[in-house]
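Computed from a prediction, not measured in an experiment: that's the story for all the values here. Each ligand, and each atom within it, is numbered from 1 in the order the structure gives.
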Amino acid sequence: MLDNKDLEAEIYPLKNEERKSQENLGNPSKNEDNLKSTPPQSQLSRCRTVAFFLSLFLCLFVVFVVSFVIPCPDRPASQRMWRVDYNTAVTYDFLAVDDINGDRIQDILFLYKNTNSSNNFNQSCMDEGFSSPCTFAAALSGANGSTLWERPVAQDVAFVECAVPRPRGSEAPPSCILVGRPSSFTAVNFFTGETQWHHASSFSRNSSILSPLLQVPDVDSDGVPDLLVLTQEQEEVSGHLYSGRNGDQIGLRGSLGVDGESGFLLHVTRTGAHYILFPCASSLCSWSVKGLYEKVTGRDGPFKKDSLWESMFNATTHRTLSHSSGAVRYLMHVPGNTGTDVFLVGSEACVLLDGQKLTHRWPPRAAHVLRKPIFGHYKPDTLTVVVENGTGTDRQILFLDLSTGDVLRSLALPSLPGSPQSTSLPTADHRSAFFFWGLHELGSSSETETGEARHSLYMFHPTLPHVLLELVNVSTHIVAFDAVLFEPSRHAAYVLLTGPANSEAPGLVSVIKHKVRDLVPSSRVVHLGEGGPDSDQAIRDRFSRLRYRSEA
Ligand SMILES: *[C@@H]1O[C@H](CO)[C@@H](O)[C@H](O)[C@H]1NC(C)=O
Ligand SMILES: *[C@@H]1O[C@H](CO)[C@@H](O)[C@H](O)[C@H]1NC(C)=O
Ligand SMILES: *[C@@H]1O[C@H](CO)[C@@H](O)[C@H](O)[C@H]1NC(C)=O
Ligand SMILES: *[C@@H]1O[C@H](CO)[C@@H](O)[C@H](O)[C@H]1NC(C)=O
Ligand SMILES: *[C@@H]1O[C@H](CO)[C@@H](O)[C@H](O)[C@H]1NC(C)=O
Ligand SMILES: *[C@@H]1O[C@H](CO)[C@@H](O)[C@H](O)[C@H]1NC(C)=O
Ligand SMILES: *[C@@H]1O[C@H](CO)[C@@H](O)[C@H](O)[C@H]1NC(C)=O
């Protein structure tokens, strides 16, 4: 058993040492005993000291080696700004971003139509069997704008979609699917520009392709998911199935017997049944992929139906009228607590629908939305949907909390017709930075600038809710825009594709990359309503210190 003193010694070892040494001082006669017992202990502590300093030294040495001697892996220098021009060309509303050359910097793919290719590559339309002018696809290095590859891909492009998702672990390179005019259906390797397959398209000349292309589970058992293309001709939607491996058509055209618009979703119910969900003649329609597959091939396929869904849609018209938000304009998938939910934008209201029962998750929120909403984070880690209520001078940007439908913030931001789509980028504080295009004169009534209309790019961050930062203003016609994190967790940049508004009148086509932070010092701070205590310079500093986060 331990006596009290020993117990105390266990708890306060230092105190005990102290007391012992005091005892020693008071009792010199006991010194000899102590001398006999101390040497092994002091040797031990000397050992400990040596071991401690040795490991400390080792640690410091490793730190030194890692930080100074071993050079950092070479990061290719990324230019903060570059611009590439193409004379007498036209371009398309299409920008795709991915790391094409493997330098860990995102690169840009776009399309333009030109008689000659740019000077970098001496290819002509004739090389690919097209007459001049034809459409080229060009991949530009995100680091410096140099051309990575460039090829004639079609006589003219009617529809293009890239980064068609691949099955996990698949070897197939990412591809872009191009539907050309007249009559071509091509898959191009995103990384090299090589044609993966090419067919004369089976779409009728008068039909238009509805977006997006849908990827359905492998139906021809070749291990690659297949493609479902929906077309519309004279108020009738048809489905066409193609092999994802070689583009061969599977079966024949299958008419859905309904009118429809772009904005299809391939929805998988909680029972694992595949349905296509789309806006049709003002309401919400649904067709089972099983039914479509049977119609196209005349055979039974690897799909099933969901009895609950079958009961929610009229079996002959395929539509439901129960959402009560007016004519359906947009449908978007949203991650929900128990699976994927559907965000529905109607002509009168928008609402979040349960992904299985299609019931409202919150009461419809009245708004006149004419543009496809975007998603972002207004509050940390909670998904926010950003809708534009109204257009032109009445436009209001609404940030809605997706879990409750509450309006978190409303910004009056007038815009010009045809202004580019808004976008958002995640920031390190688990919120998002938002980029909106609006009227240049916003908040500056003193300015008396006349002349052609100017679009301005505004930046907004939820931590500064009463401020918009006007980054840049542009008077040329913007064909496509995106805000991109070119390197993981580095600074954001915007990409602008400008060109002639009329595709019949070629002109100057430019691709511009500009780092956002470089624009902040010369930006204009627009105070919305109550001005905060911060000076403009303090606000610019806040925006320039913003750190971005790569999406998981
Ligand atoms: C296109 O290239 C040909 C020869 O490669 C040249 O003669 C012609 O002037 C070029 N046209 C334009 C518009 O640059
Ligand atoms: C490009 O031009 C060089 C010489 O001018 C020629 O050898 C080469 O074959 C050309 N490439 C193409 C794709 O036409
Ligand atoms: C541009 O960057 C690429 C890497 O992304 C590099 O290979 C190329 O040499 C650079 N070109 C110029 C002109 O700096
Ligand atoms: C295509 O449309 C035009 C006019 O809209 C019509 O005359 C023509 O018959 C249509 N062609 C087909 C194949 O439906
Ligand atoms: C489906 O719609 C058709 C045409 O509007 C209608 O005649 C029929 O009664 C509806 N069926 C059901 C089950 O509601
Ligand atoms: C959208 O704007 C209309 C007027 O244009 C207004 O009545 C409505 O309340 C707005 N919606 C929201 C959610 O603020
Ligand atoms: C917007 O355009 C005006 C007039 O060209 C210019 O003075 C101003 O500096 C521009 N603002 C920004 C933020 O670029």
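Note on ring orientation: taking the six-membered ring where Trp is involved, the planes of Phe399 and Phe434 are perpendicular (angle over 60°, cut-offs 30° and 60°). Between Phe185 and Tyr242, the ring-plane angle classifies as tilted under the 30° and 60° cut-offs. Classification of the Phe203-His240 ring pair by plane angle, with boundaries at 30° and 60°, yields perpendicular.
A salt bridge links Lys290 to Asp300: one of the charged nitrogens lies within less than 4.0 Å of a carboxylate oxygen. For the pair Asp429 and Lys379, the salt-bridge criterion is not met [side-chain N within less than 4.0 Å of a carboxylate O].
Remark: atom 4 (C) of ligand 6 lies closer than 4.0 Å to no protein heavy atom.
With a 4.0 Å heavy-atom cut-off, ligand 6 is reached by no atom of Ser410.
Scanning the protein heavy atoms around atom 10 (C) of ligand 6, the nearest turns out to be Asn389 ND2, 2.4 Å.
Using a 4.0 angstrom heavy-atom cutoff, Gly390 does not count as in contact with ligand 6. For the ligand labelled ligand 6, residue Leu398 lies inside the 4.0 Å heavy-atom shell.
Evaluated by nearest non-hydrogen atom to atom 13 (C) of ligand 6, the leading choice among Ala349, Ala367, Ala366 is Ala366. Nearest residue to atom 1 (C) of ligand 5 from Thr320, Asn314, Thr317 is Asn314 (criterion: closest heavy atom).
Relative to the ring axis of Tyr494, Lys513 does not place its NZ or CZ within 45° and under 6.0 Å from the centre.
Shown in contact with Thr316 at under 4.0 Å from a heavy atom are these atoms of ligand 5, numbered in order with element: 1 (C), 2 (O), 3 (C).
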